[in-house]
Number of protein chains: 2
Amino acid sequence: MLSGYAMLPVVTNARERARTELTREIKDLARRHLAEHGAAGLSLRAVARDLGMVSSAVYRYFPSRDELLTALIIDAYDAVGAAAETAAAGVRRGDLLGRWLAATRAVREWAVAHPQEWALLFGSPVPGYAAPRDTVDPAARIPLLLLAVIADGTGDPAPLPPLPRQVRTDLAALRRQVGGTFSEPLLARAVMAWTHLVGCISFELFGHLVGSVTDYPAWFDLQVRALATSVGVSR
Amino acid sequence: MLSGYAMLPVVTNARERARTELTREIKDLARRHLAEHGAAGLSLRAVARDLGMVSSAVYRYFPSRDELLTALIIDAYDAVGAAAETAAAGVRRGDLLGRWLAATRAVREWAVAHPQEWALLFGSPVPGYAAPRDTVDPAARIPLLLLAVIADGTGDPAPLPPLPRQVRTDLAALRRQVGGTFSEPLLARAVMAWTHLVGCISFELFGHLVGSVTDYPAWFDLQVRALATSVGVSR
DNA sequence: TGCTGTCAAGAGCAGTGCTCTCGTCTGTTG
DNA sequence: CAACAGACGAGAGCACTGCTCTTGACAGCA
């Protein structure tokens, strides 16, 4: 029981190895089911059936369907975050607009490739399901990446109406959280840009632009370029 | 009953009356269930049970669960559209910013009061469920209302990067659809504002701002004021 | 008065999440 | 080495879902 737990549990027993392996297999298959039938259609029994197991056996690995969903959510946040980070890292540090475009485009492309997972992250929350604490760190990866680009920018956001007191308080707290020396209007514009970016992708994926927009990438490009300007990222 | 519509067959039999009445009752109760348990938890059987009926009887009125959802979606679009329209109509025509703020605030307030219905409209689409044609007219009410305000504005949108060819084509088609003499950048800014507005409300309702924002109305106000400027609506 | 179509009810099918029990097998410990 | 605690997969079962089919009662029309 307590073997090797003192140090790090790298003592992969055959059993432990089988367990982590099966856990991964379940998640992978669940992800495929999710992609095909959506979150609502994700059935533990169907996953178990496709795995040649019996449904009750899966409960040894995930205590509930929601736990499985949580695991998928965390994986998805990490996947889209990593995609954005590698895309941005592939651009010369001084090319701010290039980094901004690379990161935002990577987010959109990941979303287009994994629409159901995007819906899981940014669509309707499952009622009665509160996102557990473990999701907030992975969820913060993209906003933090965007802030890193903004931090290297001119620091000149598009003008804003005067900030209400409570908004300024929120922004001050936010600045303490993220570190850096962002001005309040700049930070406000950053939050707005993040809001708009997600809204933009969701609008496309959720079908609110069918009939109005034909060239989604071009539209997206236009919008994120405008957003770049609004947060002082140019050239 | 009295027939107000001359031509239309308003020959309400007792049977027809009972039918429309029961249809309304089912929808009302379904709406309440929706508000409590979300779209995923909307159970036809539960609605029937609360109505003192048997589940199969409900199928006489709505051929499937999805049809019921569609009816609720149309009603919701109409409700939020009407809320925005009456709010805007309560403001002097010349007070553009006032109309803009009234309309957008009304949308947010309706959403906050009916979060599950908002999620139904703007959250994750149900997979395998294509929004029927009947939903597009009600869905267009708010965008058209916002365009009506914009049409009375200065027509001076915030600057934009050069519009790609395909985007200009889309915008030209859109202008033909909505009528009016909007410039392409102005129309582009209008679409962006609508995107941002929905993203803004969804971010709040779907919990993506917990921990960062405390005063949601103030934050919302700031954003829609900035949006007003971006579409040439001021003072 | 009959005919026709509508209605609510009930049984039933296939599926779901989840729980509990029961042998089996495994890794660890005395 | 032997015994035991824990993990494991299988299976049955509960309460629930959407949906279908059949049945018998009733209302409106001719």
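Keep in mind that what you see is a predicted model, and the values were worked out from it rather than measured.
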query = For the pair made of CG in B:Asp50 and C1' in D:dT17, what is the distance, rounded to whole Å?
reply = 15 Å

inquiry  = Please determine whether side-chain contact (heavy atoms from CB on, under 4.5 Å) holds for the pair B:Tyr61 and B:Leu68, giving the CA-CA distance in whole Å, both sets of side-chain angles, and the decisive distance to 0.1 Å.
reply    = CA-CA 9 Å; B:Tyr61 299 86; B:Leu68 214 191; over 6 Å; no

note = Given protein heavy atoms under 4.0 Å, the one-letter contact record of nucleotides 4-12 of chain C, with B base, S sugar-phosphate only and - none, is simply -BSBBBB-B

message = Tell me the interatomic distance from A:Glu67, atom CD, to C:dG17, atom P, rounded to whole angstroms.
response = 15 Å

query = Given atom NE2 of B:His37 and atom P of D:dC16, what is their separation to the nearest angstrom?
reply = 13 Å

ask   = Between atom CD in A:Glu21 and atom P in D:dC8, what is the gap in whole Å?
value = 14 Å

Lys NZ or Arg CZ of A:Arg105 over A:Phe220 ring: under 6.0 Å, within 45° = no

query = Distance check: side-chain N/O of B:Arg17 vs OP1/OP2 of D:dA27, anything under 4.0 Å?
reply = no

key: Rounded distance (Å) that lies between atom P of D:dG18 and atom NE2 of B:His33   = 11 Å

Positive for side chain to side chain contact (heavy atoms under 4.5 Å, CB included) with A:Val58, one of A:Leu44, A:Leu22, A:Leu51 = A:Leu44

request  = From the options B:Trp194, B:Phe122, B:Tyr77, select the one residue that forms a ring pair (Phe, Tyr, Trp, His ring centres under 6.0 Å) with A:His208.
outcome  = B:Phe122

query = How would you list, by chain and number, every residue that makes a salt bridge (Lys or Arg N to Asp or Glu O under 4.0 Å) with A:Arg31, sequence neighbours excluded?
reply = A:Asp28, A:Asp75

query = Expressed in angstrom and rounded to an integer, what is the separation of B:Leu44 atom CG from D:dC19 atom P?
reply = 7 Å

key: Proximal nucleotide (of C:dT16, C:dG17, D:dG18) relative to the A:Tyr59 side chain   = C:dG17

ask   = How would you label the contact of A:Leu42 with the nucleic acid (heavy atoms, under 4.0 Å): base, sugar-phosphate, or nothing?
value = sugar-phosphate

remark   = From the list B:Arg24, B:Arg17, B:Arg19, salt bridge (Lys or Arg N to Asp or Glu O under 4.0 Å) partner of B:Glu21 resolves to B:Arg24

ask   = Taking CZ from A:Arg65 and C1' from C:dT16, how many angstroms apart are they, rounded to a whole number?
value = 10 Å

